[in-house]
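Notes to accompany the following structure.
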Amino acid sequence: MSAPPQAPDPQPALIELQDASRSVRLPDDSLLTILAGVNLTVQSGEHIGIVGRSGTGKSTLLNLLGLLDRPSDGAMLWAGTPVQRLSGRAAARIRGRDIGFVFQQFNLLPGRTALENVAAPLLYATGREFRRRKDIAAAMLDRLGLGHRLDELPTNLSGGEQQRVAIARALVRGPRVVLADEPTGALDVETGRMVMGMLDEATRESGSALITITHDPAIAMMAGRRFRLAGGRLHPGEAGHPGGSLHPAACGNAGVANAEEGA
Amino acid sequence: MITSFAAACVEAWQELRIHKLRVLLSLIGVGVAVCALTVVVALGDMMSQGLRETFERESGRPATYTMEVFFETAASPGYTAVRTAADEALERSGIRYASVNSPTSIDDAVPADGGIAAGTGMESFELGAFTQVFVVDPDYAVIHRQRVTAGRWFTAEDAQNLSPPIVVDQLFLDRRGLSAAQLPVTTELPGSGGMTATIIGVGPAPYASDQPAMFLLSQTAAQVPELAANLEYVSLEMWLPEEISEELAQQVAADVARALPDAEVSVWRTDYAAWGEDPVALGGLRTALLGISGLILLLGALGLMNIALVTIQQRIREIGIRRSFGATGGRIFFSVMMESVVATAVAGGVGVLAAMLILKSPRVTAELERVVMDAPPFPLSAALLGLVVSVGVGALAGLVPAVLATRVRIVDAIRS
Ligand SMILES: Nc1ncnc2c1ncn2[C@@H]1O[C@H](COP(=O)(O)OP(=O)(O)OP(=O)(O)O)[C@@H](O)[C@H]1O
Ligand SMILES: [Mg+2]
């Protein structure tokens with residue numbers, strides 16, 4: 001990949017947000033600013049955790065990072081290329097090849113088997129990836145411990161299993177970054193941590209970056225770097241709470257207090 | 001590119017598999033409409049094709065001219081002399097197909113002590129029992145599309161046969177208790193007072209009738225007193241190339257008139273196409289039927305689009321998910337379109353098949369044969385039209401949902 005002039009750095013960061021903001025026009029024609037000047041640099045392979053109260057714009061931020069949306073102001077670079085320069089087609093290609101999404105509601109394709117769901121992203125690939133999509137998908141499901149449930153429909157799978165299928169689907173093309181929006185939000189605490197552990201391990205193995213949005217401080221603690229989203233800005237997460245995972249309630253309260261401070 | 005197409009097919013197939021009910025509904029709506037359209041078009045084609053053949057069998061293929069030679073003031077030099085003069089004129093003008101066409105009928109109520117098969121000949125005594133007689137030459141078969149279903153038609157050599165050859169219809173055989181398997185078979189020549197003829201072929205009569213029919217060569221007729229009277233008035237048909245038919249016909253007539261100064265010679269066109277523009281075009285009726293099936297099709301397409309639109313609403317989330325893992329707007333458009341086209345193509349195929357079965361069913365065939373002599377085969381053009389229309393309807397019905405699907409904002413689709 002050739003380095004564009006904006007990035008003298010020979011190895012540009014994977015994603016860079018520079019004073020990026022996002023606002024939407026409401027039906028009554030007023031402007032709602034959700035993100036106001038976010039700065040974030042994501043390096044290849046690093047794990048980032050983001051916490052924040054409901055409605056602070058976490059999903060909006062993740063949509064920007066995943067090229068599903070564009071900042072209304074400020075700059076965003078994908079591997080050194082300003083996203084404003086990317087065509088819809090190019091953005092779709094990057095999403096397919098380099099980005100994997102994991103959603104809170106799993107978002108599996110209804111009526112398709114686990115195998116078909118995991119193979120679905122490979123329908124947008126070419127060559128060997130396309131032709132051998134069933135084998136690749138089966139291998140990925142096997143890696144997540146679902147090798148025996150390939151032909152099951154999502155409705156027959158438990159929440160944890162569904163999220164593992166979703167993780168397999170996010171990882172099946174070997175993305176450079178996985179974006180997880182409250183991946184454990186619909187699961188009980190135990191299952192959530194088990195699934196999150198699998199996601200964490202799989203991305204570490206493949207060298208993919210992982211950005212996780214979560215309410216669970218214990219899960220946030222798995223990341224190398226942590227942020228708190230409040231008032232439309234990212235605040236570096238406090239390194240404190242080494243025993244956070246043992247006292248989730250205390251940690252959650254601290255997060256709320258901080259958010260109120262920032263607002 | 002090929003990968004995209006294959007992948008879109010995989011997606012469309014999965015989609016159709018999941019929405020079996022939807023596929024079934026579109027199958028019914030579009031299938032019925034395409035079936036109706038195909039039936040109308042095919043029936044129209046079969047009717048005009050059948051009518052054309054019926055007309056051609058009755059009045060000759062375009063352009064058929066009839067030349068009449070008769071003697072009002074002077075005595076006729078006889079059939080053979082007239083025919084010789086006519087043949088020379090035809091030869092000079094390079095006309096290849098010509099035949100006498102003198103239909104007549106013979107009172108068959110003669111004593112059945114001749115060659116008539118015992119037992120079945122009784123009917124011949126009934127009052128009003130006639131045999132239709134068609135005095136012709138071998139070329140009659142070309143000019144009138146005359147067929148034989150068994151045995152053979154006349155050849156030029158048949159005129160020399162000692163036992164005069166005849167071609168008869170099935171009724172003629174039935175009346176004598178004969179069957180086509182016995183050909184050639186001898187029988188008494190009706191109206192000849194005891195002459196024996198050989199039945200060489202069986203074929204349909206030129207007109208539907210409940211009287212038996214018989215073809216015999218003009219040379220044979222000239223030797224049978226009762227039939228020879230019919231040839232004093234020579235009526236000769238010529239099959240001419242349409243572009244120059246009028247000149248050729250006039251030329252032959254003038255030649256004959258020169259050779260036979262005492263004769264009255266007249267010539268005029270007698271095939272069905274001379275009656276008007278195109279008498280077999282079903283015109284208004286066909287347009288009305290096409291309009292009706294077009295309307296049915298439109299309703300089918302609207303229903304299909306409606307179903308597709310409803311499911312698109314349900315599928316917005318799914319489209320958003322697909323876009324999150326790399327589907328371009330173009331691919332989404334193509335997928336939605338493909339689903340619609342695949343479904344209607346299947347439905348249309350079934351509709352066309354149903355139309356074929358309907359038109360080939362014995363009841364429809366029987367109805368058709370009351371109008372035309374033989375029901376022609378199912379026209380390929382109608383089948384093709386049905387398929388093309390069904391694919392077109394699929395594309396049309398898929399267009400609106402496909403455009404809607406690409407307009408969906410990914411972010412909204414996923415959060416909804
Ligand atoms: N397209 C939009 N139109 C109007 N309001 C929007 C739009 N997108 C987001 N918002 C609003 O912006 C705010 C942030 O939304 P977002 O979904 O990013 O929050 P979140 O942090 O992910 O919340 P949660 O934790 O509940 O998922 C919310 O108040 C939401 O209602
Ligand atoms: Mg959210």
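Labels below follow one simple rule: chain letters A, B, ... track the order of the sequence lines, proteins then strands, and each chain is numbered from 1. Computed over heavy atoms, backbone and side chain alike; hydrogens, waters and symmetry mates excluded. Keep in mind that this is a model prediction, so the values were computed, not measured.
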How long is the gap from [atom1] on [X] to [atom2] on [Y], to the nearest 0.5 Å?
| X | Y | atom1 | atom2 | value |
| --- | --- | --- | --- | --- |
| A/Arg93 | B/Thr328 | CZ | OG1 | 8.5 Å |
| B/Ile414 | A/Asn63 | CD1 | CG | 6.5 Å |
| B/Phe325 | A/Arg95 | CZ | CZ | 11.0 Å |
| B/Ser324 | A/Phe103 | OG | CZ | 4.0 Å |
| B/Cys9 | A/Leu123 | SG | CG | 11.0 Å |

*Grab the two heavy atoms, one from B/Ala6 and one from A/Phe130, that are nearest each other, plus how far apart they are.*
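Looks like CB-CZ, 3.9 Å.
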_Looking at every non-hydrogen atom in both residues, tell me the closest pair between B/Ile321 and A/Asn107 and how far apart they are._
CD1-O, 3.3 Å
For the candidates [options], which exhibits the highest count of non-hydrogen atom pairs separated by less than 4.5 Å from chain B?
| options | result |
| --- | --- |
| A/Pro121, A/Gly96, A/Pro110, A/Ala120 | A/Pro121 |
| A/Arg173, A/Arg169, A/Gln105 | A/Arg169 |
| A/Ala91, A/Gly111, A/Gly66 | A/Gly111 |

Using distance only, find each side-chain donor-acceptor pair of residues 376-388 of chain B under 3.5 Å and give its atom names and separation, not counting sequence neighbours.
unit_1, atom_1, unit_2, atom_2, d
B/Ser381, OG, B/Asp45, OD2, 3.3

Quick one: what part of [X] sits under 4.5 Å from any heavy atom of chain B, side chain, backbone, both or neither?
| X | result |
| --- | --- |
| A/Arg133 | side chain |
| A/Pro175 | neither |
| A/Ala125 | backbone |

_Sub-4.5 Å side-chain heavy-atom contact between B/Arg331 and A/Arg89_ = no
*Could you list which of residues 398-410 of chain B have a heavy atom closer than 4.5 Å to any heavy atom of chain A, in residue-number order?*
B/Arg409, B/Ile410
*For side-chain contact (heavy atoms from CB on, under 4.5 Å), just list the numbers for B/Arg322 and A/Leu109, CA-CA rounded to whole Å, side-chain angles, deciding distance to a tenth of an Å, and then say yes or no.*
CA-CA 9 Å; B/Arg322 286 192 178 281; A/Leu109 299 173; 3.6 Å; yes
*Backbone N or O of A/Ala92 within a donor-acceptor pair of the B/Arg323 side chain at under 3.5 Å?*
no
*Please say whether more than 12 non-hydrogen atoms of neighbouring residues, nucleotides or ligands are located less than 6.0 Å from CZ in A/Arg25.*
yes
*Atom CZ of A/Arg149: over 12 foreign heavy atoms under 6.0 Å*: yes
*Most chain A-contacting option - heavy-atom pairs closer than 4.5 Å, from B/Ala7, B/Ser4, B/Gly320, B/Ala8*: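 Option with the greatest count: B/Ala7.
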_What I want to find out is whether B/Glu318 reaches A/Arg112 closely enough, with some N-O distance under 4.0 Å, to be called a salt bridge._
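Judged by the 4.0 Å cut-off on N to carboxylate O distance, B/Glu318 and A/Arg112 do form a salt bridge.
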